[in-house]
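One structure is given below, encoded as structure tokens.
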Amino acid sequence: MLILSTVIPNEGIQTEMMKAFPDLNFIYQKGWTDGPLREAEILITYGEDLTEEIIEKAANLKWIMVMSAGMELMPFKAIEDEALW
């Protein structure tokens, strides 16, 4: 499973995540690039960097983890349109 995160924790946390979840593939990066985005099943974000276009490109998306308290900038309509209920 590919987990793509624009929230970039320090190297110690990244190492701990890899140790705790060795069967998962974590990619930490600034911004969303098409390759990993199309494959990612989980996105970790602060929320304000998500757009309708990003949601549409995330073909395998199953979960969005928002690491902030406010979600008013999230593209909820695009998320709802892409959801496979």
Side-chain angles (χ1 to χ4, degrees):
M1 176 181 295
L2 177 61
I3 300 168
L4 179 57
S5 178
T6 59
V7 175
I8 303 174
N10 67 48
E11 288 185 30
I13 292 173
Q14 290 182 38
T15 300
E16 288 300 316
M17 293 298 288
M18 288 187 297
K19 285 181 186 176
F21 305 100
D23 295 336
L24 302 179
N25 184 13
F26 291 89
I27 296 178
Y28 302 98
Q29 65 184 27
K30 280 189 167 188
W32 305 103
T33 57
D34 284 358
L37 180 59
R38 293 187 190 283
E39 296 175 31
E41 293 182 57
I42 297 174
L43 302 180
I44 303 174
T45 175
Y46 287 118
E48 72 274 358
D49 59 347
L50 282 181
T51 64
E52 291 180 14
E53 180 183 8
I54 290 167
I55 298 300
E56 290 170 4
K57 288 181 180 180
N60 292 316
L61 184 62
K62 292 180 175 55
W63 186 270
I64 300 171
M65 180 68 205
V66 178
M67 300 297 287
S68 66
M71 295 185 10
E72 61 275 355
L73 298 177
M74 295 283 294
F76 288 112
K77 178 70 172 125
I79 293 168
E80 183 178 327
D81 290 347
E82 294 296 320
L84 299 174
W85 306 106

Please tabulate, for the side chains in residues 2-12, all donor-acceptor contacts under 3.5 angstrom to protein atoms that are two or more places apart in sequence or on a different chain.
{"from": "Ser5", "atom 1": "OG", "to": "Val7", "atom 2": "N", "distance (Å)": "3.1"}
{"from": "Ser5", "atom 1": "OG", "to": "Val7", "atom 2": "O", "distance (Å)": "2.6"}
{"from": "Thr6", "atom 1": "OG1", "to": "Asp49", "atom 2": "OD2", "distance (Å)": "2.7"}
{"from": "Asn10", "atom 1": "OD1", "to": "Gly12", "atom 2": "N", "distance (Å)": "2.9"}
{"from": "Asn10", "atom 1": "OD1", "to": "Ile13", "atom 2": "N", "distance (Å)": "2.9"}

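- With rounding to the nearest 0.5 angstrom, the CD atom of Glu39 is 7.5 Å from the CG atom of Asn60.
- In this structure, Tyr28 and Met17 have side chains that are in contact, with non-hydrogen atoms separated by less than 4.5 Å.
- Just one of Ile27, Leu61, Ile55, Ile54 meets the side chain to side chain contact (heavy atoms under 4.5 Å, CB included) condition when paired with Leu37; it is Ile54.
- At a threshold of 4.5 Å between side-chain heavy atoms, the hydrophobic network of Ile, Leu, Val, Met, Phe, Trp and Tyr places Met18 and Leu24 in two separate groups.
- Taking a 6.0 Å sphere around CD of Glu56, one finds it holds more than 12 heavy atoms contributed by other residues, nucleotides or ligands.
- Side-chain contact check for Trp32 versus Leu50: some heavy-atom pair is nearer than 4.5 Å.
- Connection of Trp63 to Phe26 is established within a shared hydrophobic cluster, with ILVMFWY side chains joined at heavy-atom distances below 4.5 Å, either directly or through further cluster members.
- Linking ILVMFWY side-chain heavy atoms closer than 4.5 Å, directly or via other members, places Leu43 and Met67 in two distinct hydrophobic clusters.
- When the side-chain hydrogen bond (donor to acceptor under 3.5 Å, both in side chains) test is applied to Asp34, the partners found at least two apart in sequence or on another chain are Lys57.
- Partners of Thr33 by side-chain hydrogen bond (donor to acceptor under 3.5 Å, both in side chains), not counting sequence neighbours, listed by chain and number: Gln29.
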